[in-house]
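Take a look at the structure below.
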Amino acid sequence: MKHFLNLIDLTGDELGALLAEAARLKDAQARRIPTHSLAGRVVGLVFEKPSLRTRVSFESGVAQLGGTSLYLPGNEVGLGWRESLADFARTTSNYIDALVLRVYQHGTLDGLAKWSSIPIINGLSDWSHPCQGLADLLTVRELFGAEKGRTVAFVGDGNNVARSLAVGCGKLGVKFVLACPPGYGFDDTFKAQYRERVSPEFPREVADPFAAVRDADVIYTDVWTSMGQEAEREERLRRFEGFQVNAKLLAAAPAHAKVLHCLPAHRGEEITDDVMDGPACAAFQQAGNRLHAQKAVLEWLLK
Ligand code: CP
Ligand code: NVA
């Protein structure tokens, strides 16, 4: 039984194959060549937190592949409180072919995966966002022809999105550097996991965003306050001052550098309007790639 919980579980070759299939599916979709690899299959989508991109791209992707999706709001299914994770997993395994979940605690996914006889797909947890990471790598591949040897400078919080991207980069030979205020870098658990399962050499962490972007092909940012951290917002706004992706920071990067953001953006906080709406920004191409990357994941798990 395969799941898609963290990019760290996949080999570099598997990630490369998913990216190639995503590109093929994107091209087929653009040419309106039908692909019905999920005909007759049903995918459940459980969301404990809000979403635009993840929900819509999964629903569309399943439909484009000839399958059906079911939206199951987290407050109705009550994972772990209305019934146990084991009972939920063993019940839904009878009805549907795969489950996509957006959860507060990553442990919820591990708990379900233990009992489920259908694939579990992580649609974002507090620990990781592998669907995002895959779409990010697809975007880097499209922007530069190949991702290997490129440099991604992540300016912001060492969060779920940063972890997944760092792992994906490490597995595919992309250099990754994190620029963050003290105390907001990668945690020790992640560092140990990375050294054991990705590379003994851990990505560089710096406190100066200007130093981070100097050799960057991609400047990446995400919100400073993730879903579930709302109580820390004021403190985070103070601590991340100076880490905004704005015209001044962009000017310190090579002229060809592109800007990515997983979205939603908190414009005026981690990124300015002029950068978001400017020529270097590829965040909407990146958002579009969620669809194609996830279709490749669905095929990989279900075909
Ligand atoms: N990037 C992303 O996962 O967007 P949503 O939160 O809108 O799904
Ligand atoms: N780090 C953000 C990503 C949103 C797609 C969050 O978890 O809220």
Side-chain angles (χ1 to χ4, degrees), residues 1-6 9 18 21-22 25-26 28-29 34-135 160 164 227-228 262-264 287-303:
M1 168 59 46
K2 277 192 293 194
H3 300 293
F4 189 74
L5 299 181
N6 293 296
D9 301 329
L18 281 176
E21 177 60 6
L25 287 164
K26 182 172 181 173
Q29 188 66 25
T35 308
H36 287 148
S37 45
L38 259 62
R41 316 300 285 277
V42 180
V43 178
L45 304 172
V46 177
F47 284 78
E48 291 184 339
K49 300 177 188 175
S51 169
L52 173 67
R53 279 143 290 271
T54 306
R55 176 179 174 186
V56 178
S57 56
F58 265 111
E59 290 203 17
S60 277
V62 170
Q64 288 172 6
L65 294 175
T68 302
S69 57
L70 292 177
Y71 177 62
L72 306 164
N75 60 355
E76 279 186 28
V77 297
L79 284 174
W81 53 270
R82 186 165 182 267
E83 59 191 308
S84 73
L85 297 178
D87 292 357
F88 179 89
R90 286 184 293 179
T91 301
T92 51
S93 291
N94 290 300
Y95 305 143
I96 58 181
D97 298 285
L99 261 173
V100 177
L101 300 110
R102 168 164 289 193
V103 297
Y104 281 97
Q105 292 170 3
H106 189 83
T108 302
L109 300 174
D110 291 329
L112 289 168
K114 201 171 141 195
W115 291 97
S116 176
S117 49
I118 57 171
I120 304 292
I121 299 172
N122 178 0
L124 180 146
S125 70
D126 56 351
W127 177 254
S128 61
H129 197 0
C131 295
Q132 183 68 54
L134 196 64
N160 45 6
S164 291
M227 292 179 278
C262 58
L263 305 175
N289 281 337
R290 292 290 304 278
L291 173 70
H292 313 294
Q294 290 158 196
K295 283 165 75 176
V297 170
L298 288 165
E299 279 193 347
W300 181 64
L301 294 170
L302 288 176
K303 224 173 159 179

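- For Arg53, the side chain to side chain contact (heavy atoms under 4.5 Å, CB included) partners are Leu263, Pro264, Ala287, Arg290, not counting sequence neighbours.
- Evaluated for a side chain to side chain contact (heavy atoms under 4.5 Å, CB included) with Asp97, the options Leu301, Val43, Leu302 yield exactly one hit, Leu302.
- Taking the side chain as every heavy atom from C-beta outward, Thr35 and Leu25 approach each other to under 4.5 Å.
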Taking distance alone, no hydrogens or angles, what donor-acceptor pairs closer than 3.5 Å link side-chain atoms of residues 110-118 to residues at least two apart or in another chain?
unit_1	atom_1	unit_2	atom_2	d
Ser116	OG	Ile118	N	3.0
Ser116	OG	Ile118	O	2.6
Ser117	OG	Ser93	OG	3.4

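- Note that CG of Leu124 and CG of Asn160 are 5.0 Å apart. Values are rounded to the nearest 0.5 Å.
- Contact check for Ile121 versus Cys131: side-chain heavy atoms found under the 4.5 Å cut-off.
- Residues satisfying the side chain to side chain donor-acceptor pair (under 3.5 Å) test with Ser57, not counting sequence neighbours, are Gln294.
- We find the CZ-CG distance between Phe4 and Leu134 to be 5.0 Å, quoted to the nearest 0.5 Å.
- Judged by distance alone, the side chain of Arg102 and the main-chain N or O of Asn122 form no donor-acceptor pair under 3.5 Å.
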For residues 63-82, dump all side-chain donor-acceptor pairs below 3.5 Å to protein atoms at least two apart in sequence or in another chain.
unit_1	atom_1	unit_2	atom_2	d
Gln64	OE1	Lys295	NZ	2.6

Please test Thr108 against Leu101 for side-chain contact (heavy atoms from CB on, under 4.5 Å), starting from the C-alpha separation and ending with a verdict. CA-CA 9 Å; Thr108 302; Leu101 300 110; 5.6 Å; no
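- Separation of atoms OG (Ser51) and NZ (Lys49) is listed at 11.0 Å; rounding is to 0.5 Å.
- The side chain to side chain donor-acceptor pair (under 3.5 Å) check on Ser125 picks up His106, with sequence neighbours excluded.
- Checking side-chain atoms of Asp9 against main-chain N and O of Leu5 turns up no donor-acceptor pair under 3.5 Å.
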Walk me through it: do Leu291 and Ser60 pass the test side-chain contact (heavy atoms from CB on, under 4.5 Å)? CA-CA 7 Å; Leu291 173 70; Ser60 277; 3.9 Å; yes
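- Note that CZ of Phe47 is 5.5 Å distant from OG1 of Thr54, once rounded to the nearest 0.5 Å.
- Residues passing the salt bridge (Lys or Arg N to Asp or Glu O under 4.0 Å) test with Asp126: none are found, sequence neighbours excluded.
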The test is side-chain contact (heavy atoms from CB on, under 4.5 Å); show your working for Val42 and Tyr95 and say whether it passes. CA-CA 8 Å; Val42 180; Tyr95 305 143; over 6 Å; no
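- Thr92 pairs by the side chain to side chain contact (heavy atoms under 4.5 Å, CB included) definition with Phe88, Ile96, Leu99, not counting sequence neighbours.
- Looking at Glu48, its side chain does come within 3.5 Å of a backbone N or O of Tyr104 through a donor-acceptor pair.
- Between Pro130 and Ser164 the shortest heavy-atom distance is N-OG, 3.5 Å.
- To the nearest 0.5 Å, the span separating SG on Cys262 from CD on Gln132 amounts to 5.0 Å.
- Every residue two or more places apart in sequence or in another chain that forms a side chain to side chain donor-acceptor pair (under 3.5 Å) with Ser37 is listed here: Glu299.
- For Asn289, the side chain to side chain donor-acceptor pair (under 3.5 Å) partners at least two apart in sequence or on another chain are Lys26, Thr139, Glu142.
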